[in-house]
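Just so it is clear, the model here is predicted, and its values are computed rather than measured.
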Amino acid sequence: MQTKFNWILLACATAALVVTGYKEMNSKPQLHTVDSASCTSDAIKRIDSITERAIQSSKCAERGK
């Protein structure tokens with residue numbers, strides 16, 4: 001029973017990764033403004049795209065130096 005659950009869990013995780021990867025590969029990241037309001041952790045968490053969130057986070061980190 002446990003191995004069947006593990007296989008189902010693995011299949012769901014694989015499907016989620018494929019869907020997320022496909023979505024990220026086919027999207028073009030939009031640039032966001034880098035100011036004190038858009039560099040808060042809540043503002044960064046509200047960005048949907050993983051790539052856009054990473055870009056915004058790194059630009060905010062550069063701004064803070």
Side-chain angles (χ1 to χ4, degrees):
M1 181 68 180
Q2 185 65 24
T3 57
K4 185 175 182 179
F5 176 74
N6 288 346
W7 280 107
I8 292 171
L9 188 61
L10 179 66
C12 290
T14 302
L17 284 172
V18 167
V19 168
T20 303
Y22 182 78
K23 180 180 141 187
E24 289 296 319
M25 285 176 27
N26 290 321
S27 68
K28 183 176 179 186
Q30 297 178 359
L31 297 178
H32 298 272
T33 59
V34 180
D35 57 13
S36 58
S38 65
C39 284
T40 63
S41 61
D42 288 335
I44 293 173
K45 287 178 185 176
R46 277 187 252 127
I47 299 174
D48 258 352
S49 172
I50 298 168
T51 306
E52 289 178 24
R53 193 170 35 240
I55 292 169
Q56 181 71 5
S57 180
S58 68
K59 289 194 182 246
C60 289
E62 286 177 5
R63 180 179 176 263
K65 287 184 179 180

Requested in this report: Test side chain to side chain contact (heavy atoms under 4.5 Å, CB included) on Lys23 and Ser49 and set out the steps.
Outcome: CA-CA 9 Å; Lys23 180 180 141 187; Ser49 172; 6.0 Å; no
Requested in this report: Nearest 0.5 Å please: distance from the OG atom of Ser57 over to the CD atom of Glu62.
Outcome: 10.5 Å
Query raised in the report: Quick check: are there more than 12 heavy atoms from other residues, nucleotides or ligands sitting under 6.0 Å from CG of Asn26?
Result: yes
Query raised in the report: For Asn6 and Thr3, does a side-chain donor sit closer than 3.5 Å to a side-chain acceptor?
Result: no
Requested in this report: Mind jotting down which residue pairs meet the disulfide (SG to SG under 2.5 Å) criterion with at least one end in residues 10-46? Sequence neighbours excluded, please.
Outcome: Cys39-Cys60
Query - Ser38 side chain to Asp35 backbone, donor-acceptor under 3.5 Å - result: yes
**Report entry** N/O donor-acceptor pair under 3.5 Å between Thr14 side chain and Leu10 backbone
**Finding:** yes
Report task. Starting at CZ of Arg53, measure out to CZ of Arg46 and round the result to the nearest 0.5 Å. Result -> 12.5 Å
Query raised in the report: Counting distance only, does the side-chain N/O of Glu52 pair as donor-acceptor with the main-chain N or O of Gln30 below 3.5 Å?
Result: yes
Query raised in the report: Hydrophobic clusters join Ile, Leu, Val, Met, Phe, Trp and Tyr when side-chain heavy atoms are under 4.5 Å apart, directly or via other members; which others share one with Ile55?
Result: none
Requested in this report: Give a yes or no on this: more than 12 heavy atoms of other residues, nucleotides or ligands lie within 6.0 Å of atom CD of Glu24.
Outcome: yes
Query - Side-chain donor/acceptor of Gln56 to backbone N/O of Thr33, under 3.5 Å - result: yes
